[in-house]
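Here is the structure we will look at, set down as structure tokens.
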Amino acid sequence: MKSNEPSNEERVWQVVALIPSGQVSTYGEIARMAGLERRARQVGGIMSRLPQGTSLPWHRVINASGRISLPVGSHGHTEQRRRLQEEGVVFINGCASLRRYRWHP
DNA sequence: CGAATGACTCCTT
DNA sequence: CAAGGAGCCATTC
């Protein structure tokens with residue numbers, strides 16, 4: 001009988017779900033927390049294929065530069081920024097200015 | 001099945 | 001700070 005091993009996708013979902021409102025994390029950090037160190041790209045791929053209408057706080061995931069990775073002007077970018085601002089995240093010149101979730105300098 | 005792709009990141013110049 | 005390049009690897013062609 002097979003044990004239900006969580007797929008990478010499921011592990012990433014689980015980690016993203018833990019990001020508190022008003023805070024953000026990065027693809028690389030998500031990868032690390034999901035046991036996928038150095039696979040930030042894979043996390044991005046998983047995010048891009050999230051089911052429509054997901055309850056995951058996908059908008060709290062940004063890149064290591066503190067910017068939204070979706071193309072500027074795209075629907076996704078606009079929505080992500082709107083949701084973050086709604087949670088109190090401040091943007092300065094396209095950069096999210098707020099402490100990261102589990103970010104260590 | 002090999003090649004291209006991508007919501008990435010780090011290091012060097 | 002910007003640009004170039006290497007590393008990474010599941011998914012899609």
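Quick note on labels: first sequence line is chain A, next is B, and so on, each numbered from 1. This structure is a prediction, so every number in the text was calculated from the model and none was measured.
Straight-line distance from the CD atom of A/E37 to the P atom of C/dC9: 11 Å, rounded to whole Å. Atom CZ in A/R39 sits about 5 Å away from atom P in C/dC9, given to the nearest Å. Regarding A/L84, its CG atom lies at a distance of 13 Å from the C1' atom of B/dA7, rounded to whole Å. Across the protein-nucleic acid pair, A/R32 atom CZ and C/dC8 atom P stand 16 Å apart, rounded to whole Å. Look at CG on A/L36: it is 15 Å from C1' on B/dT9, rounded to the nearest Å. To the nearest angstrom, P of C/dC9 lies 18 Å from CD1 of A/I30.
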Next item on the list: Apply side chain to side chain contact (heavy atoms under 4.5 Å, CB included) to A/V16 and A/V43, showing your working.
Entry: CA-CA 10 Å; A/V16 171; A/V43 173; 5.7 Å; no
Next item on the list: Show the numbers, then the answer: is there a side chain to side chain contact (heavy atoms under 4.5 Å, CB included) between A/F91 and A/I68?
Entry: CA-CA 10 Å; A/F91 281 87; A/I68 290 172; 4.0 Å; yes
Checklist line | A/H77 and A/Q80: CA distance, side-chain angles, deciding distance, side chain to side chain contact (heavy atoms under 4.5 Å, CB included) verdict | finding: CA-CA 5 Å; A/H77 178 107; A/Q80 183 167 13; 5.9 Å; no
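Applying the 6.0 Å contact sphere to CZ of A/R81 captures no more than 12 heavy atoms from other residues, nucleotides or ligands.
Closest contact between the side chain of A/L70 and the listed nucleotides B/dA7, B/dC8, C/dC9 involves B/dA7.
Nearest-nucleotide assignment on DNA chain C puts the 5′-proximal partner with A/R38, out of A/E9 and A/R38.
Checked by atom type and distance alone, the side chain of A/R67 pairs as donor or acceptor with a backbone atom of A/N93 at under 3.5 Å.
Checked for salt-bridge contact, A/E87 and A/R83 miss the test: no charged N lies under 4.0 Å from a carboxylate O.
The stretch residues 41-69 of chain A comes close to DNA chain C through A/R41, A/Q42, A/R49, each having a heavy atom under 4.0 Å from the strand.
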